[in-house]
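In the text below, chain A, chain B and the rest are named by the order of the sequence lines, each starting its count at 1.
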There are 2 protein chains.
Amino acid sequence: MREGPDIARIASLVGDPARANMLNALMGGTALTASELALEAGVSLPTASSHLSKLTDGGLLTLASQGRHRYYGLAGAQVAGMIEAIIGVAEAVGPKRVRHGPRDAAMRVARVCYDHLAGEQAVAMLDRLFDRKLLLRDDSQIRLSPSGAAHFAALGIEIDARARRPVCRACLDWSVRRSHLAGALGAAILDKIIAEKWARREKDSRAVVFSPKGRQAFERVFLA
Amino acid sequence: MREGPDIARIASLVGDPARANMLNALMGGTALTASELALEAGVSLPTASSHLSKLTDGGLLTLASQGRHRYYGLAGAQVAGMIEAIIGVAEAVGPKRVRHGPRDAAMRVARVCYDHLAGEQAVAMLDRLFDRKLLLRDDSQIRLSPSGAAHFAALGIEIDARARRPVCRACLDWSVRRSHLAGALGAAILDKIIAEKWARREKDSRAVVFSPKGRQAFERVFLA
DNA sequence: TCGATGCTTCGACCGTGATCGAAACATTGC
DNA sequence: GCAATGTTTCGATCACGGTCGAAGCATCGA
């Protein structure tokens with residue numbers, strides 16, 4: 001009975017259906033208000049409020065008060081990564097192996113993971129960035145190379161390396177089961193994809209759908 | 001309230017302290033009997049038995065009956081990866097940021113993750129295997145290259161690619177936060193490290209401690 | 001065949017935590 | 001100020017699930 005980190009505490013936070021629905025909704029990356037999350041979870045407002053304070057106390061959510069609205073969001077990419085890992089297991093052991101609808105397929109190709117891109121496209125992108133030496137695998141981190149910094153700057157993506165948030169971070173992809181790029185750079189790239197209208201967010205889903213021209217542009221810039 | 005995979009079900013399985021302790025114990029990779037796990041979790045045998053059937057029903061554990069002993073083990077590397085991800089979050093949000101004892105430090109360097117090696121050494125190894133083109137990042141998988149197959153065969157590690165189990169698989173490392181190598185090859189490498197006595201398992205811990213000569217040998221073979 | 005060992009099932013107990021209505025609190029717009 | 005809106009706190013209810021002792025199965029060794 002040696003004691004490690006309190007994984008039961010964290011897991012039990014995710015282990016309630018109402019809270020799991022809230023976290024799932026927040027995987028889209030946008031912060032939501034308490035009432036939106038209550039609707040999403042299918043519980044009353046008081047119940048939702050209670051759950052939300054547990055999640056924030058537990059360190060899984062952050063809270064940003066703006067006037068009378070209170071926006072809840074995931075506490076970081078690591079939390080998002082954990083939830084993706086749980087989703088992966090749930091998919092694998094779930095009773096419904098054979099339910100790959102069209103929306104499911106789109107999710108596997110490209111989706112939002114908190115604030116960055118995930119799915120086959122994202123994994124392929126990270127691979128190419130390594131191949132082109134724009135990113136370097138350091139001892140225990142991913143780093144932006146000088147040529148990489150120049151490359152992204154030319155695209156209008158400039159990252160302040162001194163900010164608190166790490167520039168590059170690996171995040172395990174539940175569908176592909178390999179890492180994709182998170183961190184400030186990962187978020188900036190997703191921002192650009194949306195801003196350039198290369199792709200749009202599917203309504204009420206984490207799926208990201210590229211337009212034909214958008215896909216070409218994305219491949220030219222990131223998969224070349 | 002759109003429905004995804006049942007992540008609450010999976011998370012709540014991990015969310016009970018007794019079950020979490022059991023899973024943690026099984027992260028060492030060796031299957032354990034019900035009585036051993038009861039001891040590990042600090043509960044009575046009937047209680048443990050009840051938990052264990054829930055975990056197996058839930059798909060997190062596999063059961064191998066051998067005579068009157070019943071050995072429980074993790075259901076796969078994906079489950080192990082999920083638990084590592086939860087451990088990572090628990091460490092990050094836990095109240096004890098500054099408690100890196102010596103055992104903790106050893107865990108970060110090298111430890112067992114289910115049946116393969118994890119920690120800084122394991123992440124560095126995977127990086128070098130890519131650099132040396134012994135492994136290839138394919139579209140959505142890690143593959144063994146022809147030269148890699150030859151290389152490992154020369155070390156006495158031969159993997160049957162037609163077996164049900166994937167040869168190579170990525171597994172996210174909770175301490176380093178990047179991928180290390182799982183799958184049949186990852187397991188075989190750990191086997192070799194132990195068999196060659198390059199390192200030994202720390203008692204009652206997942207830590208793997210290299211001997212001075214063993215470290216040299218490991219670095220020569222896998223980090224060169 | 002018989003006791004010993006390992007494990008599960010049964011039954012009963014009990015505490016934690018999820019739930020919601022009502023009321024209190026906070027902020028904004030008028 | 002004062003109503004309207006968004007959110008939390010309080011209080012009470014209730015059910016689910018964790019817990020263990022006792023008994024029941026199964027397997028092994030002699």
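- At C/dT19, one or more side-chain N or O atoms of A/H51 fall inside 4.0 Å of OP1 or OP2 (strictly under the cut-off).
- Closest to the side chain of A/P46, out of D/dG6, D/dT9, C/dT9, is D/dT9.
- Note: A/F218 and A/F222 have tilted aromatic rings, judged against thresholds of 30 and 60 degrees for the angle between ring planes.
- Residue B/R70 places at least one side-chain N or O closer than 4.0 Å to OP1 or OP2 of C/dT8.
- Here the P atom of nucleotide D/dG17 and the CZ atom of B/R9 are 11 Å apart, to the nearest Å.
- Distance from the side chain of A/D16 is smallest to C/dT19 among C/dT9, D/dT8, C/dT19.
- Out of D/dT7, D/dT8, D/dT19, the shortest distance to the side chain of A/T33 is found at D/dT7.
- Between the side chain of B/R19 and the backbone N or O of B/S12 there is at least one donor-acceptor pair closer than 3.5 Å.
- At D/dG18, one or more side-chain N or O atoms of B/K54 fall inside 4.0 Å of OP1 or OP2 (strictly under the cut-off).
- Checked against C/dT8, D/dT9, D/dT19, the side chain of A/S49 finds its nearest nucleotide in D/dT9.
- Put simply, CG on A/L13 is 11 Å from P on C/dG17, counting in whole angstrom units.
- Backbone-only contact: B/Y72 has heavy atoms under 4.0 Å from sugar-phosphate atoms and none from a base.
- Within the 4.0 angstrom heavy-atom criterion, no nucleotide atom of any strand lies near A/S53.
- With distances taken from any side-chain atom of A/T47 to the nucleotides C/dT19, D/dT9, C/dT8, the minimum falls on C/dT19.
- OP1 or OP2 of C/dC20 lies within a sub-4.0 Å distance of a side-chain N or O belonging to A/S44.
- OP1 or OP2 of C/dA18 lies within a sub-4.0 Å distance of a side-chain N or O belonging to A/R19.
- Side chain of B/S50 to backbone of B/P46: no donor-acceptor contact under 3.5 angstrom is found.
- Checking side-chain atoms of B/R201 against main-chain N and O of B/G28 turns up a donor-acceptor pair under 3.5 Å.
- The side chain to side chain contact (heavy atoms under 4.5 Å, CB included) with B/L74 is formed by just one residue from the set B/L55, B/L26, B/L60; it is B/L26.
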